[in-house]
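Here the structure is a predicted model, which means the values were calculated and not measured.
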Amino acid sequence: MANPGINAALIAAAAAQQALTEQHVTTPLKTAGATSARSATTLDLSAKGADKLLAALVKRGHVRATGDGRYWLDEAAIKRSQAAGLRIALIIIAFLLSVTASLVALLVR
């Protein structure tokens, strides 16, 4: 069984990283209207770890680089990632329900 303290710490760390990502990358791009290569803008990466957050988003395809130091938010890629995550969650739930139903059927016999 997982330690609740460790789970809480992991959730807090993920939430903190998400907040930093929004503060230093996502929100500035949205505010600038940088949602295509034509509207790309520069980012202030002076905050600690902002460059690593940006690199992770570029690697995932959520943020695109123009090559001249400007970036833009690929909203279509973000939506695709969210949809894929939802499909995976639904598959996991279906699997768990199937296992639960099988266990109940075995125990009821």
(message) Tell me the closest heavy-atom pair linking Thr41 and Ala34, and the distance in Å.
(response) CG2-CB, 3.9 Å
(message) Can you give me the closest heavy-atom contact between Arg64 and Ala77, atom names plus distance?
(response)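 Heavy atoms only, the tightest pair is NH2-CB, 4.3 Å.
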What distance do [X] atom [atom1] and [Y] atom [atom2] have between them, rounded to the nearest 0.5 Å?
X      : Y     : atom1 : atom2 : answer
Thr100 : Ile93 : OG1   : CD1   : 11.5 Å
Leu43  : Leu57 : CG    : CG    : 10.0 Å
Ser102 : Leu97 : OG    : CG    : 10.5 Å
Glu75  : Thr26 : CD    : OG1   : 10.5 Å

(message) Determine whether a donor-acceptor pair (N or O, by modelled atom type, separation under 3.5 Å) exists between the side chain of Arg70 and the backbone of Thr42.
(response) no
(message) Between Tyr71 and Val58, does the side chain to side chain contact (heavy atoms under 4.5 Å, CB included) criterion hold? Intermediate values first, please.
(response) CA-CA 9 Å; Tyr71 298 91; Val58 169; 4.3 Å; yes
(request) Determine, stepwise, if the pair Val99 / Leu103 fulfils side chain to side chain contact (heavy atoms under 4.5 Å, CB included). (result) CA-CA 6 Å; Val99 169; Leu103 288 173; 4.2 Å; yes
Less than 4.5 Å apart, side chain to side chain, heavy atoms only: is that true for [X] and [Y]?
X     : Y     : value
Trp72 : Thr66 : yes
Ser81 : Arg60 : no
Ile92 : Ile88 : yes

(request) Assess whether side chain to side chain contact (heavy atoms under 4.5 Å, CB included) is satisfied between Ile78 and Asp74, documenting all intermediate values. (result) CA-CA 7 Å; Ile78 293 170; Asp74 189 341; 5.9 Å; no
(request) Starting from the C-alpha separation in whole Å, work towards a yes-or-no answer on side chain to side chain contact (heavy atoms under 4.5 Å, CB included) for Thr27 and Lys30. (result) CA-CA 5 Å; Thr27 299; Lys30 284 181 183 177; 5.6 Å; no
